[in-house]
Each structure stands twice: as C-alpha cells, then as structure tokens.
Amino acid sequence: MTEERARWGSRVGLILAMAGNAVGLGNFLRFPVQATENGGGTFMIPYFIAFLLLGIPLMWIEWGVGRHGGLRGHGSVPGMFQTLWKNPVAKYMGVLGLFMPLVVLIYYCYIESWTLAWTFFSIKGSLHGLTEQGMRQFLTNYQDLQAPEMGWWVPFAFYFVTIAVNFGVVLKGLSGGIEKLAKIGMPILFIFAAILVVRVLTLHPQTVTLANGTTATSSPAAGLNFMYLPDWAKLKSPSVWLAAAGQIFFTLSVGMGSLQAYASYLRKEDDLTLSGIATAATNETAEVVLGGSLAIPAVVAFFGVAGAVAIAKGGAYDLGFVAMPLVFNKLPGGALIAMAAGVMWFGLLFFAGITSSVSMATPTTSFLQENFGFTRKKSVLAVAGVAVAIGLLHIFFYQWGFLSEWDYWAGTFGLVILAMMETVLFVWVLGPNPWRWRQVWSADNRMWNELHDGAAWRIPNFYRFIMTYITPLFLVVMMVAWGYKDAWPTLMMEGIPADEHVTRWWSRGVMLLILAGLMLLTRIAWRRREAQGEGA
Amino acid sequence: MNTFALLVVLCAVLLVIGILLAGSMNIGALIFMLCAWAVVLGILVWSFARLLRLPPPGNDHTPPPDSGP
C-alpha cells in the first residue's frame with residue numbers, strides 16, 4: 001500500500017491524457033444538441049460565463065484534490081476525501097468517486113462500441129444510399145438486436161472488441177498505455193475533426209425543402225449564424241443558463257472522479273495551475289472551435305435551421321448516427337467521399353470515447369491495487385469482468401430504458417453532487433473559513449497554497465473569491481434547480497411508457513447494488529488499513 | 001518558443017477566417033464567433049507555449065521568480 005506510485009512520462013502526455021479524459025462524445029454530440037435546443041447564440045453567452053466561473057475553478061479543484069490525495073498514497077476519491085476531512089464519513093462520501101466512473105464506464109463502452117461499428121459500416125458502405133427513415137431504422141435495429149442485414153451477434157462483437165481495447169490500454173499502465181493512447185488518439189481526433197470542419201465550411205449553398213413543402217437556400221454559414229447570433233430576450237430564461245452550466249460540467253468531465261485519479265500521479269513539485277487551464281482550453285477547442293463548427297453547420301446546410309432544431313430534439317444519437325451519415329451521403333463526390341467522411345466522423349468519436357473511458361477505469365483499478373494488494377493485471381481483469389457482466393444488461397435491455405436511467409442518475413445528477421462535496425472539502429475544509437473574509441485573502445489560505453505548490457503560473461487573485469463563493473453557489477443553484485425540475489419527475493418516471501417501468505426499476509436496483517458493493521469494499525479497505533496501522 | 005509570436009500568428013489566422021466568412025455570415029455573429037475562438041485558442045496557445053518550456057513532470061524545477069505563490 002505504500003509502494004512507489006506510477007508517474008506520468010511527459011508533460012505533453014499528461015495534458016493530452018487529461019484532455020482526452022475531458023474530450024468525449026459530448027463535445028461532438030451533446031454540445032451541438034444543447035446549443036441548438038437552447039437558441040444557439042443565446043446559449044453561448046452563459047456557456048462562456050459558466051466556463052470561467054464553474055469549469056476552470058472545478059478543473060483546478062479536481063487537480064488539487066487528486067494531487068493532495070496522491071501524495072498521501074490515495075489514487076481514488078474515498079481516500080482523497082479522507083485526507084481532506086478526518087471524519088470517518090468522508091471516505092463513504094468519496095465512494096461516489098468510485099461509483100460514477102465505474103457506472104459510466106459500463107454503459108459508455110457500449111455507446112463507444114457503436115462508433116466503432118459505424119466506422120466499420122462506413123467502410124463497408126452499409127450506410128450509403130439510405131433515406132432518413134432507413135438510417136433511423138438501421139440504428140434502431142442495431143440497438144434492438146434485430147438487424148436482419150447483419151445478425152444479432154454483431155453488436156456483441158463490437159462491444160467485446162471495444163472492451164478488449166479499453167482494458168488492454170489500462171493494463172499497459174499509465175505511461176505505456178493511457179499516455180501512449182492519448183498521444184496517438186488526440187492528434188488523430190483533432191486532425192479528423194479539422195478536415196471535416198474545412199469540408200463542411202467550404203460547402204456551397206444548398207437548396208433545402210422546408211417542413212411546409214417550400215424550398216429555400218441554406219448554407220453552413222447559416223448554421224454558424226445560428227450558433228453565434230444571440231437572441232437577447234431569451235437570455236432571461238433560467239433554463240438556458242442551467243443547460244449551459246450543465247454542458248460545461250459534462251464537457252470537462254468534472255465531478256466524475258477520473259480527473260482526480262489522473263492527478264494523483266503528480267508530485268508536489270509538479271505544476272497544476274497552468275496544466276489545468278491547458279486541459280480546459282484543449283477541451284474547449286475541441287468543443288467550441290471543432291464541435292461547434294461541424295454538426296450544426298453541416299446539418300443546417302442540408303436541412304435548414306428548422307430541420308436542425310427538429311433533429312436536435314431527437315437527441316444526440318439521432319444527430320450523430322442518423323443525421324450526420326445522411327449529410328455525408330449528400331456530400332459532392334459520391335460513395336468514396338461519404339465513406340471517408342463517415343470513417344473520420346465515427347473514428348474521431350471513437351477516439352474521443354476511448355480516451356475518456358480508459359480514464360473511468362482508473363479510479364477502481366487504483367482502489368483495488370492500493371487497498372487490497374491486487375496486481376495491476378488482477379485489478380484490471382476484475383473491473384473488466386464486472387464491466388462486461390453488467391454491460392451485457394445494457395445491450396439486452398437498452399430498448400426499455402436501462403441505459404437512460406444510468407445516464408441520468410450517475411452520468412448527470414451524480415456529477416453535481418460529487419463536485420459539490422469536493423468543492424466544500426477542498427475549498428472550505430482544507431482552505432479558509434468562508435465566513436472569515438480575511439482568511440480568504442491571507443497568505444495562509446491552504447487551498448490556494450496547495451494549488452500553487454510547484455506552480456508554473458500564478459492564478460489571478462480574484463479566483464480566490466470565485467472559488468470560495470461563486471463556484472459553490474453555482475453548484476447549489478444547479479443542484480436545487482435540477483432536483484426540482486428534473487430529478488423528481490425522473491424518479492417518478494413521468495412521461496415514461498408503462499412497459500419500461502419494470503426494467504427501469506431493475507436498472508436502479510443494479511446501480512444501488514454497485515453502490516452498496518463499493519461502500520462495503522471501502523469499509524473493508526479501511527479496516528485493513530487500520531489493522532496495518534495506516535489510518536488515513 | 002515565443003508565446004507572443006504564436007499569438008500574433010493565431011490572430012492573423014483568425015483574421016483570414018474572418019475575411020473569408022465576412023461575405024456569407026452576419027457581422028455580429030462573425031465577431032462573436034471570432035472572439036470566442038480567440039479566447040479559447042488564445043488560452044490554448046499561451047498555456048501550451050509556457051508548458052512546453054517546463055521540465056517533464058517529476059523532475060525538480062523552480063518556478064519563474066514572478067510566478068510562484
């Protein structure tokens with residue numbers, strides 16, 4: 001338990017791995033959908049405000065929590081929380097930092113396997129010539145395991161390949177696996193995205209058929225106009241602000257437990273202020289500059305603004321797996337260009353996905369290694385076994401909303417709760433008493449000093465105020481608003497078809513079992529530590 | 001690596017993109033888009049230029065005199 005911990009091989013590798021962790025499917029699928037549903041340009045203003053007040057501070061907090069715990073021999077959140085707050089409850093609060101990455105990893109690998117499958121289908125030409133209805137049916141058949149044209153076993157095959165690649169990378173370790181993947185995957189992702197952006201933005205104006213049957217001319221520039229022309233009246237809507245803050249949250253992968261796990265491998269003399277902001281900027285480049293210039297301008301060019309809004313209402317999967325292949329089919333150049341664009345689009349989604357999913361496997365594997373003396377191989381195989389066993393439930397019961405439940409409770413609502421807890425512990429418990437104004441600005445502010453150990457750049461002083469007051473306030477508002485607006489209706493399954501209720505309850509039960517299991521493992525781990533005289 | 005020179009190059013690239021899109025985009029949307037890109041890419045270029053001057057993680061180093069806490 002006290003053996004030398006692994007280290008990052010290079011600074012660029014570390015930043016790319018951290019950015020790979022943050023850059024995921026959400027940058028290219030969720031962001032355009034959220035922006036479109038919330039008024040395009042209107043959405044972008046609160047989005048940037050949330051980036052400055054919520055995203056960047058949380059990024060620093062997570063790096064700080066991770067390094068603080070890592071220096072004390074903890075690579076996962078339960079131990080990190082215990083080092084921040086010497087109360088026995090702290091480690092159980094931190095179990096969320098094991099639970100969420102594990103739960104999200106399990107279903108994320110399944111979605112990731114779709115991107116691998118669609119890359120293959122693009123090469124094979126299966127998507128070429130399909131109409132909108134045909135494209136949607138193709139996706140539904142795949143999800144429902146009823147695809148006569150390919151066989152029921154195909155989704156399973158792609159899922160197992162995805163799992164094997166993911167855990168193969170994790171098995172190779174921090175420097176030899178995760179860092180190497182980031183160094184290969186991130187440049188490929190950026191190159192593919194940049195090529196697609198140039199192709200989309202150089203499209204000529206297209207004639208589109210509107211819903212009322214008339215025709216009009218549309219272009220990628222109309223999509224950019226939509227993305228960046230604010231409607232000031234809509235800015236008063238709280239839901240736009242909530243959606244923007246939520247997107248910043250998900251895109252940076254904060255509140256998950258995986259950024260902390262990566263940061264735990266840093267040393268006291270390593271910089272985290274400049275590295276944290278570089279990670280956030282890399283993610284925002286992928287999201288705003290590339291993600292924002294890809295799907296929406298492309299879809300607007302071929303379907304018009306109203307068509308793009310209608311597609312966005314269908315959700316991220318409709319945009320990524322139905323609308324985008326339709327756009328590629330319409331590109332000048334025929335089947336070969338459609339294939340190339342499809343391979344680049346789904347390929348970049350795969351790399352965005354896998355660089356995130358390997359990070360989600362890290363907290364649990366570290367936890368098992370550090371607390372139960374597992375070898376890396378044994379811990380990776382244990383997590384892979386759990387992921388496959390439970391992941392199969394997602395494949396079998398996807399059509400009855402099994403995955404949607406996990407995505408909401410662990411992949412959405414849970415993130416805000418963990419972020420709130422870590423902010424309070426790192427900023428208020430480790431740091432100054434928030435009711436004592438002078439302590440916030442004093443040289444003895446431990447939170448501030450912790451962030452600046454080994455710092456290559458000094459964070460502007462006004463961030464002391466933002467991190468102590470504004471970020472927690474932002475999180476409380478989000479938690480209360482979501483609890484009121486979404487969580488209660490979701491818990492009560494309002495608007496969910498009755499035939500899905502039983503499966504969804506089972507889905508919740510499995511989640512609770514995982515949570516209980518992790519709580520039990522944490523209890524056993526700390527008993528072992530106490531028996532060995534290690535404590536926190 | 002000269003951070004200032006990189007930022008100048010970035011501004012020039014954004015200016016060219018702005019000129020190319022000026023005819024087809026609404027001017028307000030174009031300015032907002034270029035400002036958003038400038039902020040994001042500016043932070044990216046500035047932070048990476050500074051980071052690449054540092055020694056690899058794990059090696060002892062002393063922060064520049066004007067940047068430590």
Side-chain angles (χ1 to χ4, degrees), chain A residues 7-15 40-41 44-45 47-48 51-52 56 201-202 205 219-222 224-230 265-267 269-271 273-289 292-293 443 445 448-449 451-459, chain B:
Chain A
R7 297 289 166 202
W8 293 102
S10 69
R11 188 169 302 281
V12 172
L14 160 67
I15 305 291
M44 295 304 286
I45 293 172
Y47 177 85
F48 276 107
F51 175 59
L52 295 174
I56 292 177
L201 295 185
T202 52
S219 68
L224 290 177
N225 282 339
F226 174 70
M227 282 290 289
Y228 289 99
L229 204 57
Y265 296 103
L266 290 171
R267 297 182 187 183
E269 60 271 23
D270 288 333
D271 161 81
T273 55
L274 197 56
S275 305
I277 204 164
T279 303
T282 309
N283 179 73
E284 288 310 299
T285 301
E287 179 147 303
V288 175
V289 179
S293 311
N445 183 332
W448 198 249
N449 294 341
L451 290 178
H452 284 91
D453 276 340
W457 170 68
R458 188 174 174 76
I459 301 171
Chain B
M1 196 175 295
N2 189 330
T3 312
F4 181 72
L6 281 172
L7 289 173
V8 170
V9 171
L10 172 65
C11 288
V13 170
L14 289 177
L15 193 66
V16 171
I17 293 172
I19 292 166
L20 288 173
L21 290 171
S24 51
M25 270 185 81
N26 176 292
I27 195 71
L30 181 61
I31 290 170
F32 185 18
M33 185 185 90
L34 291 178
C35 288
W37 286 20
V39 169
V40 168
L41 291 170
I43 298 175
L44 182 82
V45 169
W46 165 80
S47 57
F48 267 92
R50 286 192 68 152
L51 276 170
L52 290 174
R53 288 202 298 253
L54 297 176
N59 291 7
D60 288 334
H61 68 270
T62 311
D66 60 336
S67 59

Pick from A:Thr282, A:Val288, A:Thr285, A:Ile277: which one has the most heavy-atom pairs with chain B under 4.5 Å?
A:Thr285

Identify which part of A:Pro220 has an atom lying under 4.5 Å from any heavy atom of chain B, answering side chain, backbone, both or neither.
neither

What part of A:Met227 lies closer than 4.5 angstrom to a heavy atom of chain B: side chain, backbone, both or neither?
neither

So, the part of A:Ile459 with a heavy atom under 4.5 Å from chain B: the answer is neither

Expected output: side-chain B:Arg50 to main-chain A:Ala456 donor-acceptor under 3.5 Å:
yes

Would you give the length of the straight line joining atom CG of A:Leu274 to atom CD1 of B:Ile43, rounded to the nearest 0.5 angstrom?
11.0 Å

Can you pull the side chain to side chain donor-acceptor pair (under 3.5 Å) pairs that have at least one residue in residues 10-24 of chain B, sequence neighbours excluded?
none

Minimum heavy-atom distance A:Ala278-B:Leu51, with the two atoms named:
CB-CD1, 3.5 Å

Heavy-atom distances under 4.5 Å only: say whether A:Ser219 touches chain B with side chain, backbone, both or neither.
neither

Interatomic spacing from OG in A:Ser275 to CG in B:Leu54 - rounded to 0.5 Å
7.5 Å

Please report the closest heavy-atom contact between A:Asn225 and B:Ala29, naming both atoms and the distance.
OD1-CB, 3.6 Å

Pairwise side chain to side chain donor-acceptor pair (under 3.5 Å) hits with a residue in residues 28-46 of chain B, at least two apart
A:Tyr228-B:Trp37

Side-chain touch A:Phe48/B:Val40, heavy atoms, less than 4.5 angstrom
yes

Does the side chain of A:Ile15 reach to within under 4.5 Å of the side chain of B:Phe48, using non-hydrogen atoms?
yes

How long is the span from the CG atom in A:Asn283 to the CG atom in B:Leu44, to the nearest 0.5 Å?
11.0 Å

